[in-house]
Colleague: 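Input: one structure, supplied below.
None of the values given here were measured: they were computed from a predicted structure. Note that the numbering runs from 1 along the sequence shown for the chain.
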Amino acid sequence: MFREQEQKKEHVTAHQWQCPYCRKMFRSEKFLDQHFDNRHLNLLNYSRDRCLADVCGALHCDYYEKLAKSKHKKKKCNTLASEKHLHLCQSLARTCFPPEQSASSRQLNEFFLRQFCDAHDCKKGVLPFNRGNGRYGDQALYIALFIFVCLILFLFYLGVYAYQSDLNKNHVKLKRISKPKVH
């Protein structure tokens with residue numbers, strides 16, 4: 001539905017976006033999107049016979065909500081519903097990313113099938129969003145990196161402290177010799 005608008009957005013500079021229809025400039029993509037909603041809504045390709053909520057089952061819209069509610073409950077897979085969602089998902093993949101259109105479209109189609117459609121198979125037991133599924137996927141790596149950096153900093157400052165304390169031990173205090181008073 002928003003494909004044409006997304007493709008026609010013009011990113012002029014780091015903080016400038018331009019409307020392709022009226023050439024008006026905006027300082028962020030968010031404001032350009034709001035402009036599309038306010039001024040060029042008639043240019044959207046609405047498909048009146050398709051509601052986005054109709055494809056929610058195929059796209060796992062409520063997956064994390066269900067996961068949070070039934071964290072400890074293991075539900076059986078509903079084979080009939082799963083097959084229905086699988087066919088709807090595959091149909092969406094073919095419609096949105098026709099594999100015969102181009103190489104990039106074929107790659108997107110395959111990715112979409114793996115990311116969304118494979119999870120509709122009761123036998124496989126694949127979870128949706130199994131590739132790059134969350135914000136915390138690399139959390140262990142970041143924790144290990146953080147501990148490593150802290151250890152390096154600790155050793156560095158320990159070395160600086162030892163060096164400074166060694167300098168202070170070998171430091172000889174010199175006394176100033178006063179000049180004799182001339183009368």
Colleague: Check whether Leu153 and Val160 end up in the same hydrophobic cluster, where Ile, Leu, Val, Met, Phe, Trp and Tyr are linked by side-chain heavy atoms less than 4.5 Å apart.
Modeller: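 Per the 4.5 Å side-chain linkage, Leu153 and Val160 are co-clustered.
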Colleague: Can you give me the closest heavy-atom contact between Pro98 and Ser105, atom names plus distance?
Modeller: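 It is O-OG, 2.7 Å.
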Colleague: Out of curiosity, Ser102 OG to Leu108 CG, how far, rounded to the nearest 0.5 Å?
Modeller: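 That separation rounds to 8.0 Å.
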Colleague: To the nearest 0.5 Å, what is the distance between CZ on Phe26 and OG on Ser28?
Modeller: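 Rounded to the nearest 0.5 Å, the CZ-OG separation comes to 9.5 Å.
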Colleague: Do you know which two heavy atoms are closest between Ala93 and Phe112, and how far apart they sit?
Modeller: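 Looking at all heavy atoms of both residues, the shortest contact is CB-CD2, 3.4 Å.
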Colleague: Kindly compute the distance separating CD (Glu29) from NZ (Lys9), expressed to the nearest 0.5 Å.
Modeller: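 That separation rounds to 3.5 Å.
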Colleague: Tell me the closest heavy-atom pair linking Phe97 and Asn109, and the distance in Å.
Modeller: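 Nearest pair, atom of Phe97 first, then Asn109: O-ND2, 2.9 Å.
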Colleague: Determine whether Tyr161 and Ile152 fall in the same hydrophobic cluster, where Ile, Leu, Val, Met, Phe, Trp and Tyr are linked whenever their side-chain heavy atoms lie under 4.5 Å apart.
Modeller: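 The answer is no; the residues belong to distinct hydrophobic clusters.
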Colleague: With rounding to the nearest 0.5 Å, note down the distance linking CD in Glu100 to CZ in Arg106.
Modeller: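 Going from CD on Glu100 over to CZ on Arg106, the span is 9.5 Å.
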Colleague: Under the side-chain contact (heavy atoms from CB on, under 4.5 Å) rule, what do Glu10 and Arg23 come out as? Steps first, then yes or no, please.
Modeller: CA-CA 9 Å; Glu10 295 178 22; Arg23 311 308 289 170; 2.9 Å; yes
Colleague: Any side-chain to backbone donor/acceptor pair from Ser91 onto His87? Under 3.5 Å, distance only.
Modeller: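 Judged by distance alone, no pair lies under 3.5 Å.
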Colleague: Are Phe31 and Trp17 linked, directly or through other ILVMFWY residues, by side chains that come within less than 4.5 angstrom of each other?
Modeller: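 Per the 4.5 Å side-chain linkage, Phe31 and Trp17 are co-clustered.
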Colleague: Rounded to the nearest 0.5 Å, what separation is found between the CG atom of Leu32 and the CD atom of Gln16?
Modeller: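 Here the interatomic distance stands at 12.0 Å.
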Colleague: Do Val149 and Tyr157 share a hydrophobic cluster, counting only Ile, Leu, Val, Met, Phe, Trp and Tyr and linking them when any side-chain heavy atoms are less than 4.5 Å apart?
Modeller: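 Same hydrophobic cluster.
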Colleague: For Gln90 and Leu113, work out which heavy atoms get closest and say how close.
Modeller: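 Scanning both residues completely, I find the closest heavy atoms to be CG-CD2, 3.9 Å.
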Colleague: Can you name the closest pair of heavy atoms from Cys117 and Leu86 and give their distance?
Modeller: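 For Cys117 and Leu86, the tightest heavy-atom pair comes out as O-CD1, 3.2 Å.
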Colleague: For His40 versus Tyr21, what's the shortest heavy-atom pair and its separation?
Modeller: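 That closest heavy-atom pairing would be CE1-CB, 3.7 Å.
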Colleague: In Å and rounded to the nearest 0.5 Å, what is the SG to CG distance from Cys19 to Asp33?
Modeller: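 Reported to 0.5 Å precision, the distance equals 10.5 Å.
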Colleague: Are there more than 12 heavy atoms of other residues, nucleotides or ligands under 6.0 Å from atom CG of Leu80?
Modeller: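 Not buried by this count: 12 neighbours or fewer within 6.0 Å.
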